[in-house]
Amino acid sequence: MKIIRSPQAMTAWSENLRRQGVTIGFVPTMGALHDGHRELIRAARLRCDALVVSIFVNPTQFGPQEDLAKYPRPISRDRALCRKEGVDVCFEPTAEAMYPNGFQTMVTLPTIARRWEGEIRPHHFSGVATVVTKLCGIVRPQVALFGQKDFQQSVLVRQLVKDLNLSIEVVVHPTVREADGLAMSSRNVYLSQEDRKRAVTLYKSLRAGAEVIRRGVTDGKAVQSAMAYVLKKEPAMTIDYLAVCDPSTLEPLCDVTSRVVLLGAVRIGSVRLIDNLLVALPRRSFK
Ligand code: PAF
């Protein structure tokens, strides 16, 4: 496996392979790789000839009070996982190479970024959109894979790829969960033993929302209350938001009459967790 740090060298590597008709797959990450990333890498492997994983803790997507400095960076372990999974290139640019002096272009998607994560983390999505655009411009993949766990991010990436005519197929891979249902995340390592046990309540609350929808409840507020009811039984957790939304626009649904995504974000101590569940409505028969 090659480790490339310079954006120019990365583009040269990809361009050379593209000229030979090779399909390049890309999994962008911030490192601290876990089994969720491993699944993304494996899914990418099935869709491409050559595979690039980027490891870059992107400063522009962290707010001033967030965990940029203490974000986990186990680089040797990350490289070992990539090597084992048959990754061809680990692209590890420096912040200076990505954002040199004089850098000024930011990519913003005001509508998608307005709600939910965007409301709580105001500059987060323009940081994500900017770095994803830059990384795709450097790596030049035909296919890029993202995890469903960051649902709003995946909607944003699809939109920016479409708006900017990036000629990349975006694949969103289902969330990978621990045995008890907790969505895998690089931030789970911050949880104390006690909080780790409590953390699964977020998933349980999404499941409770899905269950009432399956039983025929269509009122968005009632679905949201069913989710909140579960979380309120766990006083150590505070709710940032629980939402019942249209999966393509992320607008809240008053009336759940088509496919729906349930979004949730909570805090336990200083750790923030997000999760989501896509729910299909009870089967209707069409004549
Ligand atoms: O999902 C992530 O890990 C990051 O937001 C991404 C897409 C790698 C951009 O920094």
Side-chain angles (χ1 to χ4, degrees), residues 4 7 10 25-41 43-44 51-63 66-75 77-79 81-82 87 89-99 103 105-109 112-113 116-118 120-139 141 143-161 164 166 168-176 183-190 263 265 271-276:
I4 299 184
M10 183 67 251
F26 179 39
V27 178
T29 82
M30 297 209 300
L33 305 181
H34 48 66
D35 284 350
H37 293 109
R38 193 192 304 277
E39 296 265 321
L40 268 183
I41 291 171
L51 179 57
V52 179
V53 170
S54 64
I55 298 181
F56 178 59
V57 183
N58 173 37
T60 62
Q61 69 189 77
F62 287 78
E66 292 180 359
D67 56 347
L68 172 63
K70 72 166 190 154
Y71 197 83
R73 291 167 170 85
I75 190 66
R77 236 191 51 210
D78 289 349
R79 285 179 187 162
L81 185 151
C82 289
V87 170
V89 172
C90 236
F91 176 47
E92 301 172 13
T94 60
E96 293 70 32
M98 291 296 279
Y99 301 109
F103 178 88
T105 305
M106 296 299 287
V107 179
T108 55
L109 291 86
I112 291 172
W116 320 125
E117 284 304 286
I120 287 157
R121 307 179 69 189
H123 303 291
H124 172 68
F125 283 126
S126 83
V128 171
T130 303
V131 82
V132 168
T133 307
K134 280 179 69 69
L135 288 169
C136 288
I138 295 166
V139 175
V143 189
L145 285 89
F146 296 82
Q148 188 195 313
K149 202 210 105 213
D150 297 297
F151 193 86
Q152 193 170 4
Q153 169 174 285
S154 71
V155 175
L156 174 116
V157 169
R158 279 194 197 286
Q159 185 72 43
L160 87 83
V161 162
L164 300 178
L166 293 188
I168 294 171
E169 183 195 353
V170 174
V171 176
V172 178
H173 195 266
T175 305
V176 180
M184 287 192 184
S185 160
S186 304
R187 289 186 168 99
N188 291 353
V189 295
Y190 300 150
L263 303 176
V271 184
R272 235 182 132 251
L273 300 174
I274 61 171
D275 199 354
N276 65 84

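Residues: numbered from 1 along the sequence shown. Order of listing sets the numbers, starting from 1, for every ligand and every atom in it. Values in this document were obtained by computation on a predicted structure and should not be read as measured data.
For the pair Lys134 and Phe103, the cation-pi criterion (under 6.0 Å, within 45° of the ring axis) is not fulfilled.
Looking at Thr29 against ligand 1, only its backbone comes within 4.0 Å, counting heavy atoms.
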**Asked** Hey, mind stepping through Arg73 and Glu92 against salt bridge (charged side-chain N to carboxylate O under 4.0 Å, His left out) and telling me if it holds?
**Response** CA-CA 12 Å; Arg73 291 167 170 85; Glu92 301 172 13; over 6 Å; no
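The shortest N/O to N/O separation between Asn58 and ligand 1 does not fall below 3.5 Å.
Interface of Gln61 with ligand 1, defined as ligand atoms under 4.0 Å from a residue heavy atom, comprises 4 (C), 5 (O), 9 (C), 10 (O). The atoms of ligand 1 that sit less than 4.0 Å from any heavy atom of Val131 are 9 (C), 10 (O).
Atom 2 (C) of ligand 1 has its nearest heavy-atom neighbour, among Gln153, His37, Lys149, in Gln153.
Expressed to the nearest 0.5 Å, how far CZ of Arg121 lies from CD1 of Ile274 amounts to 8.0 Å.
Not counting sequence neighbours, the partners of Phe62 by the ring-ring contact (aromatic ring centres under 6.0 Å, His included) test are Tyr71. Taking the side-chain contact (heavy atoms from CB on, under 4.5 Å) definition, one finds that Thr29 meets it with Val27, Leu33, His37, Val53, Ile55, sequence neighbours left out.
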